[in-house]
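Let me begin by presenting the structure, written as structure tokens, before commenting on it.
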Amino acid sequence: MYDYIIVGCGFAGAVLAERLASAGKKILILDKRNHVGGNAYDFYNEDGILVHLYGPHIFHTNSKEVFNYLSNFTQWRLYEHRVLGSVDGQLVPIPINRTTINKLYGKNLSSDEIAEFLAERSEKRVPVLTSEDVVIGTVGKELYEKFFRGYTKKQWDLDPSELDASVTARVPTRINADDRYFTDTFQAMPLHGYTEMFKKMLNHKNIHVLLNADYRDVVSVIPHKKLIYTGPIDVYFDYRFGKLPYRSINFEFQTLNQERYQDVGTVNYPMSQLYTRITEFKHLTGQKSDKTTLVYEYPTAEGDPYYPIPRKENQALYMQYKKLADETENVYFTGRLGTYKYYNMDQVVAQSLILSKKLLSEND
Ligand code: FAD
Ligand code: UDP
């Protein structure tokens, strides 16, 4: 008899499996895919380059607890991600910073002057509700059009005015020349990759891993006390209230017989192309090779559910499912898909650490 069956071997499932197993619980963790790691899965492709099958994953967090916890299972390679945007025929830093504005407008403004430049153009909106409000309130219409409107339309097939403020608020605006994509205290990549880290987390005598298994095919025949579910919550309830919208992406990989393709990890294409961005993995991993692999991201409506879509009507639908989930005894929903939240990896780890403590304090 297992204490828990955990559905999904991504961050949410793996952290819970490890925490509960370390406290003596017997765990079966399963995934319908043929690998562990969920969307953070990485592997060496046929040219020997370490790539992320489900798009570029850059680890960053301000949580010492999360970083220390994961450090039990991996060493780290310090890495600060940088992004350039292809705008008006130039490559300029994203997030928009002093360099971005000076380069685009052929100026040489100081930080204070950049602040004035933005203040003159921004149109403060009260309240700030949508992703359009956030950007226009910070940089004004022109930079909004150049950097955000087209990218957002490609990524979500929605206008920024149709998305919650939280989406574009992920990308700050800076008056200094800091060109890092993130400013978190801890910015590092697992030294030997995500998959190796997951294998270490799950390597415990109380954990059995079952791959290529949909939980619906096994759950009624494998005795267990409780279920933890990290897949899409609407699927669990057979779409009882209708489908929750998700955004998917087609990832196209390309390997080139050259050492380097671009100057930074990612180049965004907010104004042109059908893809949103190109990422060159060797920047992220530090790998040395005379070849290099890129991934192009083409957003799409069909396919694996990668992104919950943050907007009011979707949240209302999710709350109907959440109510049902809360009423379902001995089943726990967590993770990016299980709680329909646009969470980064570290937020999912934090969420799972909290849930593991709660479950263990229930003391059964
Ligand atoms: P997942 O990793 O999705 O795991 C859920 C697992 O459940 C899946 O493996 C799935 O196969 C399995 N499953 C579902 N249904 C069933 C079923 N019926 N039976 C069995 N198994 C099932 N975060 C960052 O912090 N930094 C980044 O740079 C970053 N980049 C990203 C780029 C892209 C393109 C995407 C899509 C996400 C990115 N993220 C990033 C977010 C990150 O991927 C998630 O926060 C994290 O992977 C979520 O983990 P999870 O365990 O909740 O879900
Ligand atoms: N965004 C944009 N232009 C950019 C970068 C981001 O419009 O050059 C918007 C877009 O809506 C995107 C959101 O900001 O979906 C969040 O960007 P982030 O890079 O955090 O997306 P993720 O890495 O999660 O795909």
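Everything numeric here is computed off the predicted structure, so don't read it as measured data. What you see below is based on every heavy atom in this structure, not just the backbone, and it leaves out hydrogens, waters and symmetry mates. Indexing begins at 1, ligand by ligand and atom by atom, following the structure's order.
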Centroid separation under 6.0 Å, is that true for the rings of F198 and F11? yes
With a 4.0 Å heavy-atom cut-off (strictly under), which part of D31 contacts ligand 1: side chain, backbone, both or neither? both
Go through ligand 1 atom by atom and flag the ones less than 4.0 Å from a non-hydrogen atom of Y54. 33 (C), 34 (C)
Report yes or no: do E297 and Y269 form a side-chain donor-acceptor pair below 3.5 Å? no
Modelled atom types, side-chain donor and acceptor of S131 and D164, under 3.5 Å: no
So the atoms of ligand 2 within less than 4.0 Å of a heavy atom of Y307 turn out to be 22 (P), 24 (O), 25 (O)
T185 and N62: side-chain donor and acceptor closer than 3.5 Å? yes
What do we get for F59 next to ligand 1 when only non-hydrogen atoms under 4.0 Å count, side chain, backbone, both or neither? neither
Closest non-hydrogen atoms of M201 and I207, given as atom of the first, atom of the second and distance, are O-CD1, 4.0 Å
Assess the pair F237 and F333: is the distance between their ring centroids shorter than 6.0 Å? yes
Spacing of I114 atom CD1 and R98 atom CZ [to the nearest 0.5 Å]: 7.5 Å
Does R170 qualify as a cation-pi partner of Y342, given the criterion of NZ or CZ under 6.0 Å from the six-membered ring centre and within 45 degrees of its axis? yes
Enumerate the atoms of ligand 1 whose separation from the nearest heavy atom of Y343 is less than 4.0 angstrom. 41 (C), 44 (C), 45 (O)
Where the closest heavy atom to atom 10 (C) of ligand 2 is concerned, which of V135, T152, I96 has it? T152
Compute the centroid of each ring, for F253 and then for Y296, and state whether the two points are separated by less than 6.0 Å. no
Just need the protein heavy atom nearest to atom 17 (O) of ligand 2, so name the residue and atom and give the distance. V171 CG2, 3.8 Å
Test ring-ring contact (aromatic ring centres under 6.0 Å, His included) on F251 and H52 and set out the steps. CA-CA 10 Å; F251 300 104; H52 303 172; over 10 Å; no
Would you say ligand 1 has an N or O under 3.5 Å from any N or O of Y229? no
Checking the N or O distance criterion of under 3.5 Å, is ligand 2 in contact with Y342? yes
What are the atoms of ligand 2, with element, lying closer than 4.0 Å to any heavy atom of V167? 11 (O), 13 (C), 14 (O), 16 (C)
Shortest heavy-atom approach to atom 30 (N) of ligand 1 - which of C9, G55, P56: P56
Taking atom 8 (O) of ligand 2 as the point of reference, which of V134, N344, N268 owns the nearest heavy atom? N268
Would a 4.0 Å cut-off, counted as strictly less than, catch a protein heavy atom around atom 18 (N) of ligand 1? yes
Numbered in order shown, the ligand 1 atoms found under 4.0 Å of a heavy atom of Y306 are 36 (C)
Atoms of ligand 2 under 4.0 Å from any heavy atom of Q155, numbered from 1 in the order shown, are 15 (O)
Is it the side chain, the backbone, both or neither of Y194 that has a heavy atom closer than 4.0 Å to ligand 1? neither
Could you check which of Q351, M345, R277 puts a non-hydrogen atom nearest to atom 25 (O) of ligand 1? M345
Y79 and H81: side-chain donor and acceptor closer than 3.5 Å? yes
Can you tell me if R277 has a non-hydrogen atom under 4.0 Å from ligand 2? yes
If you measure from each heavy atom of A14 to ligand 1, is any distance below 4.0 Å? no
Counting from 1 in the order shown, the ligand 1 atoms closer than 4.0 Å to a non-hydrogen atom of Y215 are 17 (C), 18 (N), 19 (N), 20 (C)
For atom 3 (N) of ligand 2, closest protein heavy-atom neighbour: F147 O, 2.9 Å
For residues W76 and F186, establish whether the separation of their ring centroids is below 6.0 Å. no
Contact (N/O only, under 3.5 Å) between I94 and ligand 2: no
In the protein, which heavy atom is nearest to atom 20 (O) of ligand 2, and how far is it? R170 NE, 2.8 Å
For atom 18 (P) of ligand 2, grab the closest protein heavy atom and report residue, atom and distance to one decimal in Å. Y181 OH, 3.7 Å
Does any N or O of ligand 1 fall below 3.5 Å from an N or O anywhere on D346, backbone included? no
Ligand-side contact atoms (ligand 1) for residue partner T230, heavy atom cut-off under 4.0 Å: 5 (C), 7 (O)
Indicate whether the side chain of D42 and that of T195 have a donor and an acceptor atom separated by less than 3.5 Å. yes
Shortest reach to atom 35 (C) of ligand 1 by a heavy atom, considering only R216, R336, M189: R336
Just jot down the ligand 1 atoms closer than 4.0 angstrom to any heavy atom of D214, in number order. 17 (C), 18 (N), 19 (N)
To the nearest 0.5 Å, atom CE of M189 lies from atom CG of L191 at 10.5 Å
Among all protein heavy atoms, pick out the one at the shortest distance from atom 15 (O) of ligand 2; state its residue, atom name and that distance to 0.1 Å. W156 NE1, 2.9 Å
Going by distance alone, is a donor N or O of one side chain under 3.5 Å from an acceptor N or O of the other, for D234 and Y246? yes
Which ligand 1 atoms are under 4.0 Å away from a heavy-atom of F251? 34 (C)
Between Y41 and Y194, is the ring centroid distance below 6.0 Å? no
Contact atoms of ligand 1, heavy-atom distance to G8 under 4.0 Å: 6 (C), 7 (O), 12 (C)
At what distance is the nearest protein heavy atom to atom 12 (C) of ligand 2, and which residue and atom is it? Y151 CE2, 3.8 Å
